[in-house]
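To find a chain, count down the sequence lines: A is the first, B the second, and so on, and within it residues start at 1. As a basis for the values below, the full set of heavy atoms in this structure was taken, side chains included, without hydrogen atoms, waters or symmetry mates.
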Amino acid sequence: MKKFVNDPADVLAEALRGIQAAHPDLRVDAENRVILRAEPTRAGKVALVSGGGSGHEPMHGGFVGRGMLDAAAAGEVFTSPTPDQVLAATQAADSGAGVLHIVKNYTGDVLNFEMAAELAAAEGVQVESVVVADDVAVTDSTWTAGRRGTGTTVILEKIVGALAEEGADLAAVAALARRVSEAGRSMGVALTSCTVPAAGRPTFELPDDEMEVGVGIHGEPGRSRVKLASAREIAKLMVDPIVHDFGDAVGPAIVLLSGLGGTPLIEQYLLYGEIAPLLADAGVDVQRVLIGDYITSLDMAGASLTVVEADDEMLRLWDAPVVTPGLRWGA
Amino acid sequence: MKKFVNDPADVLAEALRGIQAAHPDLRVDAENRVILRAEPTRAGKVALVSGGGSGHEPMHGGFVGRGMLDAAAAGEVFTSPTPDQVLAATQAADSGAGVLHIVKNYTGDVLNFEMAAELAAAEGVQVESVVVADDVAVTDSTWTAGRRGTGTTVILEKIVGALAEEGADLAAVAALARRVSEAGRSMGVALTSCTVPAAGRPTFELPDDEMEVGVGIHGEPGRSRVKLASAREIAKLMVDPIVHDFGDAVGPAIVLLSGLGGTPLIEQYLLYGEIAPLLADAGVDVQRVLIGDYITSLDMAGASLTVVEADDEMLRLWDAPVVTPGLRWGA
Amino acid sequence: MSAAVTTSDLVAWIRAFRDAVHQQKDELTRLDSEIGDADHGSNMARGLDAVIAKLDVAPASPTELFKTVGMTLVSTVGGASGPLYGTLFLRMGPALAEADPVDAAALGAALRAGVEGVIARGKAEVGDKTMIDALSPALEAWDSAARDGASPAAAAGAAAEAAARGRDATEPLVARKGRASYLGERSAGHLDPGAASATLLLEALRDALAAAE
Amino acid sequence: MSAAVTTSDLVAWIRAFRDAVHQQKDELTRLDSEIGDADHGSNMARGLDAVIAKLDVAPASPTELFKTVGMTLVSTVGGASGPLYGTLFLRMGPALAEADPVDAAALGAALRAGVEGVIARGKAEVGDKTMIDALSPALEAWDSAARDGASPAAAAGAAAEAAARGRDATEPLVARKGRASYLGERSAGHLDPGAASATLLLEALRDALAAAE
Ligand SMILES: Nc1ncnc2c1ncn2[C@@H]1O[C@H](COP(=O)(O)OP(=O)(O)O)[C@@H](O)[C@H]1O
Ligand SMILES: Nc1ncnc2c1ncn2[C@@H]1O[C@H](COP(=O)(O)OP(=O)(O)O)[C@@H](O)[C@H]1O
Ligand SMILES: [Mg+2]
Ligand SMILES: [Mg+2]
Ligand SMILES: [Mg+2]
Ligand SMILES: [Mg+2]
């Protein structure tokens, strides 16, 4: 295993040390493994709390800051945080105006956030939750745990964070979160496995001439394994199911192409060069584009595409100032 | 080779298509492989032009925009651009106030920029050049081509770009560029090789239990091959030669820890968690920190550390607004 | 021996479970690599280490023991298995509060409360390819053994066997719950890691009670 | 045959160089992987393909030919080799402007002008482990053969042999120029890729002139 690590058991604690050292705007609660804004939540502002397993950086800790999250609970690698962690994040972030939990749809995340929300409610904190489930690779979602939550989470955190910053109340913040969540679709492709530090070897073996289509962000194998294809063909494998899932013509959209951690930016741009015309052909009116490593799967070579149908309010909030390690503009 | 590519020969042209599709603020001159701001250089503003081989993204194309570069010439992967390209970038960017060439110290870059500068001068464009040579891994630089130019380039482009934006003249811009260049030191470590698309296989073979110390950003082997070490030991291998090269106590500094393309952010943070205390022990007063993939070597797993001793002016200019795909804040 | 299970027998169970998970840690993670995210072994090992650290002071009652175990698992494991195993123990505790002696029937009732808690949390049914596929048959086997007058150790033996059969039966199944469900048809052909750890749980109980006899 | 080299002989040279580089492309890149950045083969191949595309219209004179070759290499190769090989040809052209006939002495003088241009640009000396280690001895061998009255083909044969010896001599050297110099001591034990391509250049000249005889 070729990684910058000391003891694999300490990866999370030590990465949090680095985050604290690098970002004076953030405060790391090392005991609870929670990343917070250094400044307490403004009175009256609804707090946004997210979290999940680690290994997806900059998500979520890198999205804590003005205009986006108030706190993020960091679980072990690929392991959702515990209710205690989420509760600590929730209580620390709450200014009295309530807290929105942004949860990705994985059994572990859903259960742990659910328990945390119950505990927080018992402590008198108002909590609303939104569960993101945008991965169109999961087609049989009615009979199963449903779709996974992936890239839409990033876009949601940005847009809804901006609304919260404007002072909207919890109901309005939660309503917008649900709208964004429903407007997003994602699809991921992996060229290699990733290596979980504690496991010490790749999660799966993939021959040199094969790739995994329809992967999530936890190094799990995808929906199908196919022959390695050209960027042009891969772009189609990503765009088609998303466009198909939208059904009707898609309106104005925000598009995120995220590398999965082991794919350099030059390849991401090349891939986007293939994706853009396909989206245009499908009638998607791309208004904003984000390319880079925003939601990752450790060192996996691969990429995920997210399309969020965005109305004027969402676009306005997307453009609003944001100051986080992972996304920063307008201030 | 597991990459998002079509024909390896088309990597650069196709990546540029993606850059153009993603960034309406930029204009890609596909014929000359030059990336420009969509808006022409403001009359009277000195233009900053850089460039180099591709495969280091976001450098340089991702640093074109307000507050940083005016144009970047993109060579083939790991191959410096030709004089024609640099000339095209220079002429397109010049507003009449002159152009600063920011060159990394590699024979190819130096020669091609030199020829371009001669050609531009013949066309009546005032050109000054700064050559960045910050890589302390190269110790015998007096007898050779000198040190390589690496991470200091990013910091220089940001700081000097801000001064140019303020309207300073070419002499002042070039003088500051030389000051920043002299104030920077870098050191890189690779855990794996990278794969040049046209070559189709890793540039070097590295056993599972070894790493390369003192690498540049072109996938070349490093100064020495040693046993794979812990993040703690690697941090020391990076910090010590930099601090040693500074000699006297280092003053306030801007620090860049860049992944080399295949190393995920969680590992970069973990590594920085080890670097920060070592810098503090060495008396380096870290004022600003940038962590992420800023100057890369395709899909190489590894990282490079850059320390630039920064006076108040440099810090002020560092904080000034910048709006590029790769660095964005304050606007 | 008597048919009454003591608190220290149950502590021995938890210790045996922890030891079994540590021994099978890589195997559990390997199973989770096939159809999940390669962390089930480390998740369970981390949680049970935390549990053992809490057991330095002997708990006064089964109820107290299970509360400690459940709370600790919930607060240290994370993932899907944390809340589910945590709930299992948190629900077992109260069910034993009034039990005196803690005999086969009482333990069976506690187990039922625990498994029902897991089902209520996770909404999985038998056949969904989860830990429920091991836990539910184990419960049935326990109850039927207890009805036939089996000792706690014998009931646990029957339950462990049933759990192992249930675990093995997950192999051909297509997962409908947990992250294995994202693989669709590809989840078939592999054992469910949670069913494997749940089998270790019942086997540890069998061994601890057998040793106490 | 006469001792006079025609423009079309020189076009044949460039074509032969292009073919040799294509045939050795992977090997040149492999050499550059050892002590550089794995692009010398593709750099040279790309540039020479562009050159060949420009030669559809036959050039009127050696001077025009070399100007086209030099300009095209400069504007399509990039890297260190682009300006260096480009300069070589750009300097050879003017040196032949007055030469009539283009005999061994004239070609030798042109080669000298070219190599001096490369040295002026790159500041490398023999022993620095660069293309100069092949080009300089080739030049000496050419001149001495020409002084002895050798035909252009024979002079080119001597030069090609000297280039190959010079290339081989780069193996033990520690590089002092180009990116191989960053490897320090580790650059020893490998051939220099530019010396290898420069040898192909002289061998192509030898073959083209021999074919013309
Ligand atoms: N809804 C559910 N009900 C019961 N058990 C479940 C459910 N979802 C997952 N599991 C169990 O959890 C196990 C995975 O645990 P673990 O790997 O620790 O968590 P995660 O899936 O979050 O990585 C699965 O093998 C399965 O047995
Ligand atoms: N200063 C120099 N003078 C002469 N030749 C040089 C010099 N620097 C490099 N070279 C030659 O260039 C070759 C490398 O060319 P190439 O790989 O195409 O360019 P780059 O080094 O920019 O990747 C080296 O093998 C060497 O022969
Ligand atoms: Mg997990
Ligand atoms: Mg090169
Ligand atoms: Mg798991
Ligand atoms: Mg090279």
Side-chain angles (χ1 to χ4, degrees), chain A residues 1-7 11 14-23 54-55 57-58 62 77 191-192 194 206 208 211 228 230-232 234 257 261-277 286 289-293 296 298-299 301 303 323 325 328-331, chain B residues 1-7 11 14-23 54-55 57-58 62 77 191-192 194 206 208 211 228 230-232 234 257 261-277 286 289-293 296 298-299 301 303 323 325 328-331:
Chain A
M1 176 178 59
K2 296 213 137 173
K3 288 182 182 293
F4 293 111
V5 290
N6 297 304
D7 184 332
V11 163
E14 295 182 345
L16 288 173
R17 266 186 25 188
I19 291 175
Q20 181 64 87
H23 302 296
S54 293
E57 292 67 25
V77 170
L191 305 186
T192 68
C194 59
L206 195 52
D208 275 355
M211 62 183 196
L228 188 62
S230 68
R232 195 157 302 140
I234 293 173
L257 180 67
T263 283
L265 203 47
I266 187 170
E267 291 181 44
Q268 296 177 37
Y269 274 120
L270 191 151
L271 183 59
Y272 189 69
E274 301 294 341
I275 287 172
V286 179
V289 183
L290 201 59
I291 298 190
D293 283 5
T296 59
L298 291 172
D299 53 354
V323 184
R328 188 166 170 180
W329 59 68
Chain B
M1 176 179 58
K2 296 214 138 173
K3 286 182 182 296
F4 293 112
V5 290
N6 297 304
D7 185 332
V11 163
E14 295 183 345
L16 288 173
R17 264 187 26 188
I19 290 175
Q20 181 64 89
H23 302 297
S54 294
E57 292 67 24
V77 170
L191 305 187
T192 68
C194 60
L206 195 51
D208 275 355
M211 62 182 196
L228 188 62
S230 67
R232 194 157 303 140
I234 293 173
L257 179 67
T263 283
L265 202 47
I266 187 169
E267 292 180 45
Q268 296 178 36
Y269 274 119
L270 191 150
L271 183 59
Y272 189 68
E274 301 294 341
I275 288 171
V286 179
V289 183
L290 201 59
I291 298 190
D293 283 6
T296 58
L298 291 172
D299 53 354
V323 184
R328 189 167 169 181
W329 59 69

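Of all the listed residues (A/Ala231, A/Gly292, A/Gly273), the one sharing the greatest number of non-hydrogen pairs under 4.5 Å with chain B is A/Ala231. Interface summary for chain A: among B/Gly62, B/Cys194, B/Ala22, the most heavy-atom pairs under 4.5 angstrom belong to B/Ala22. For the set B/Arg17, B/Gln268, B/Gln20, the entry with the most heavy-atom pairs within less than 4.5 Å of chain A is B/Arg17. Most heavy-atom pairs under 4.5 Å with chain B, from the set A/Ser230, A/Ala15, A/Ala21, A/Gly55: that is A/Ala15. Comparing A/Leu228, A/Thr192, A/Thr263 by how many heavy-atom pairs each has under 4.5 Å with chain B, the most go to A/Thr263. Taking A/Glu57, A/Met1, A/Lys2 one by one and counting their heavy-atom pairs under 4.5 Å with chain B, the maximum is reached by A/Lys2. Of all the listed residues (A/Ile266, A/Val289, A/Leu298), the one sharing the greatest number of non-hydrogen pairs under 4.5 Å with chain B is A/Ile266.
Taking the six-membered ring where the residue is Trp, the centroids of A/His23 and B/Tyr272 are separated by 6.0 Å or more.
In this structure, the portions of A/Leu206 lying under 4.5 Å from any heavy atom of chain B include both its backbone and its side chain. Using a 4.5 Å cut-off between heavy atoms, B/Thr296 does not touch chain A at all. At a 4.5 Å heavy-atom cutoff, the contact between A/Glu274 and chain B is made by backbone and side-chain atoms alike. Using a 4.5 Å cut-off between heavy atoms, A/Ile19 touches chain B through backbone and side chain atoms alike. With a 4.5 Å cut-off on non-hydrogen atoms, B/Ala331 touches chain A through its backbone but not through its side chain. Interface remark: A/Val11 contributes backbone and side-chain atoms alike to the contact with chain B (heavy atom separation under 4.5 Å).
Separating the CG atom in A/Leu271 from the CD atom in B/Glu14 is a distance of 11.0 Å, to the nearest 0.5 Å. Note that CD of A/Glu267 is 6.5 Å distant from CG of B/Asp299, once rounded to the nearest 0.5 Å.
Residues B/Pro325 and A/Tyr269 meet the side-chain proximity criterion, which asks for heavy atoms closer than 4.5 Å. Between A/Asp293 and B/Leu265 the shortest side-chain heavy-atom distance does not fall below 4.5 Å. Contact check for A/Leu270 versus B/Asn6: side-chain heavy atoms found under the 4.5 Å cut-off.
Between B/Phe4 and A/Leu191 the shortest heavy-atom distance is N-CD1, 3.9 Å.
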